[in-house]
Amino acid sequence: MPVRLYNTLTQKIEDFVPLTPGKVKLYVCGITVYDLAHAGHGRTYTTFDVLVRFLRARGFEVSHCQNVTDVDDKIVNRAKERGEDPLALSKRMGELADAHLEAIGCAKPTVMPRVSTTIDGIVDITEKLIRNGHAYVAETPQGNDVYFAVRDFPGYGKLSRRNLDDLRAGASERLAEGATDIKKDPLDFALWKAAGPDAFGFDSPWGKGRPGWHIECSAMAFAELGEQMDIHGGGMDLVFPHHENEIAQSEACSGKEFARYWMHGGFLEIDSEKMAKSLGNFVTIKDVLDKNDPEGYRYFVLGTHYRGPLSFDVEKHPDGRVTFPGLDEAERRMDYLYATRDALVSLAGDAEPSEPNILQGQAQIVAEAKEKVLEALDRDLNTPVALSVLAELGKAGNEIVMQAPKMRKDPAKNEAIKKLAASAVRALDAACAPLGLMQAKSDAYWARTRERRLRLRGLDASAIDAKVAERGEARKAKDFAKADAIRKELGEVGVEIFDAADTSSWKIAL
RNA sequence: GGCGCGGUAGCCAAGUGGUUAGGCAACGGUUUGCAAAACCGUCAUACGUCGGUUCGAAUCCGAUCCGCGCCUCCA
């Protein structure tokens, strides 16, 4: 079965056929780095990270280009407020964004071009568009602007299904007030905007200025991937005008179809509203990392199909703690997967993976898991179904662990179930790989989650160890009243105790 | 006003013409000193509303209600 992807351009799920067999050119619109990246950004880039991992797992060689918009009015304005150099601000924020995206498991794109180092390419395209009549220079008090003439590009509106007259009608109120008579048509958009004499900008054939918002993506895509690419993606909010304008200027320049497949991720919402800087209802990735495990966040994101809305809940507790219930639930699932894997690893010992003739039902789930995940992703990245495969695999894994003691007396069965456990570990890793989950070593996962959960509750591990040891003595002495009292006491501050035959372990509740 | 997205059992969320999604919560069980975890079972003859097409519709068509997004910066 071929890879199938929803294409915004055709509004259909289509078989994915790359321009060059076996190779994929992917361009993802990156972040404008004027502030910290938020959880909604994280969702989009997690989606495309899974796309890349999945396509590679399906054997494609993927060139993933993701730009960094480090030149933009917002950056200039924010820098002015802070008395900072715009490029210094965007460099700083860009590095933080990279770190935060990496922390939530997004593999580094193949290339990450920046606007500030793509000015030559932007000028080249702009000049070509002027030469071929698709763009024109307009004088302003600050200098020269360059605009793209929307009416002269016949395909304008094909991505977002808009026509110029509707747009004009909808925008008429604003345009009347806007006083933009330097444009031939109010809907023409800037390729280059003049900067005042002191303002931040770059030299160009039209004087000092800055690129318009959309042109940088065309220039970076041309430079890194060529005039045509397979997949172009970004958030839903980029469909219009950003991607529509990218298509117009790119295709007017090259005469070729810019991108074959357009993919757009749905919004992360708070209280049924899009999470956005402008609405002030955002939670940064750093906030998320502060409270939850990065893989818990990823699991949470992948629990909803990428094109649908995803609601991000924030809960304020009476004791003053603020938690993200959806992330907590997802993180508990990561605990489950890591715990399951630990138990399987311990059972497998040094057995080699194989498919022994034992526990047929579980063995079959183990054998099929990886391919079932890939088949789910074949269907327009159906990550919720992929996670359901992990749930089945986890159950099968725990069942194998549970059945193991019954096999001990029979050496053949004992050997067989260890091999099955080893297979299950391998299957779990293989099934998680295209999703970018379970990328940590188990010890590291438990250490980092324990450290974070202790910190959030203001608890101290050695104090808990001491209490648990005290309780252990009480248990040994069969003083169960005392043991239960300590369990209750610790339970009230969020410590859960798990008893084994002669020892106890503990965990901080989420 | 134009263009688009969504409304599925207590909650989250797949499915998009006929046979188990999955998770969480709750409850019953196996296990346990008691618990927890794990596993098994129940909740699940659910699909916003009203019509239509069909042997058969959550799924297709029409109408309609509700929520949201884009059309101004946005992932």
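Every chain is numbered from 1, with letters handed out A, B, ... down the list of sequences. What you see is a predicted model, and the numbers here were worked out from it, not measured in a lab.
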Using the side chain to side chain donor-acceptor pair (under 3.5 Å) criterion, which residues pair with A:Arg453? Sequence neighbours excluded.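 Expected list: A:Glu331, A:Asp335.
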Could you let me know what [N] is paired to, Watson-Crick or G-U wobble, both distances under 3.5 Å, or none if it's on its own?
N      : result
B:rA36 : none
B:rG41 : B:rC27
B:rG4  : B:rC68
B:rG62 : B:rC50

Protein-nucleotides 17-23 of chain B N/O pairs under 3.5 Å:
unit_1	atom_1	unit_2	atom_2	d
B:rG23	OP1	A:Lys395	NZ	3.4
B:rG23	O3'	A:Arg333	NH1	3.2

When the [atom1] atoms of [M] and [N] are compared, how many Å lie between them, rounded to an integer?
N      : M      : atom1 : answer
B:rU45 : B:rG52 : P     : 27 Å
B:rU54 : B:rC73 : C1'   : 49 Å
B:rG15 : B:rG6  : P     : 11 Å

Checklist entry - So what does A:His305 touch, heavy atoms closer than 4.0 Å: a base, only the sugar-phosphate, or nothing? => result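 A:His305: backbone/sugar contact only, no base atoms under 4.0 Å.
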Check: Counting any heavy atom closer than 4.0 Å, what does A:Gly40 reach on the DNA or RNA strands: base, sugar-phosphate only, or nothing?
Finding: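 Since a base atom lies under 4.0 Å of A:Gly40, the category is base.
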Minimum-distance nucleotide (side-chain atoms of A:Arg471 versus B:rC34, B:rC70, B:rC73):
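Minimum distance to the A:Arg471 side chain belongs to B:rC34.
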Candidate nucleotides B:rG2, B:rA14, B:rA75, ranked by approach to the side chain of A:Arg162 - the nearest: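 Among the listed nucleotides, the one closest to the side chain of A:Arg162 is B:rG2.
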Salt bridge check, A:Asp293 against A:Arg298: does any charged N sit closer than 4.0 Å to a carboxylate O?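 Not counted as a salt bridge, because no side-chain N and carboxylate O are separated by less than 4.0 Å.
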- Between A:Glu392 and A:Lys372, is there a salt bridge with N-O shorter than 4.0 Å?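 Salt bridge flag = yes for A:Glu392 with A:Lys372.
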Check the distance between [N]'s [atom2] and [X]'s [atom1] and give it to me in whole angstrom.
X        : N      : atom1 : atom2 : value
A:Tyr156 : B:rC71 : OH    : C1'   : 10 Å
A:Glu399 : B:rC40 : CD    : P     : 6 Å
A:Ile31  : B:rC73 : CD1   : C1'   : 15 Å

Kindly compute the distance separating CZ (A:Arg4) from CG (A:Leu377), expressed to the nearest 0.5 Å.
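Rounded to the nearest 0.5 Å, the CZ-CG separation comes to 14.5 Å.
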Say you draw a straight line from CZ of A:Arg210 to OG of A:Ser116; how long is it, rounded to the nearest 0.5 Å?
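Here the rounded value is 13.0 Å.
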| message | For A:His100 together with A:His41, are the ring centres under 6.0 Å from each other? | response |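 When the ring centroids of A:His41 and A:His100 are compared, they turn out to be at least 6.0 Å apart.
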Report yes if at least one side-chain N or O of A:Asn398 is closer than 4.0 Å to OP1 or OP2 of B:rC39; otherwise report no.
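Yes, A:Asn398 has a side-chain N/O under 4.0 Å of OP1/OP2 on B:rC39.
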In residues 490-499 of chain A, what donor-acceptor pairs under 3.5 Å come from side-chain atoms, sequence neighbours left out?
unit_1	atom_1	unit_2	atom_2	d
A:Asp499	OD1	A:Arg471	NH1	2.9
A:Asp499	OD1	A:Ser504	OG	2.7
A:Asp499	OD2	A:Arg471	NH2	2.8
A:Asp499	OD2	A:Arg487	NH2	3.3

- prompt: Stacking check: are the rings of A:Phe498 and B:rA36 less than 5.5 Å apart at their centres and under 30 degrees in tilt?
  reply: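 Given the distance and angle limits, no, they do not stack.
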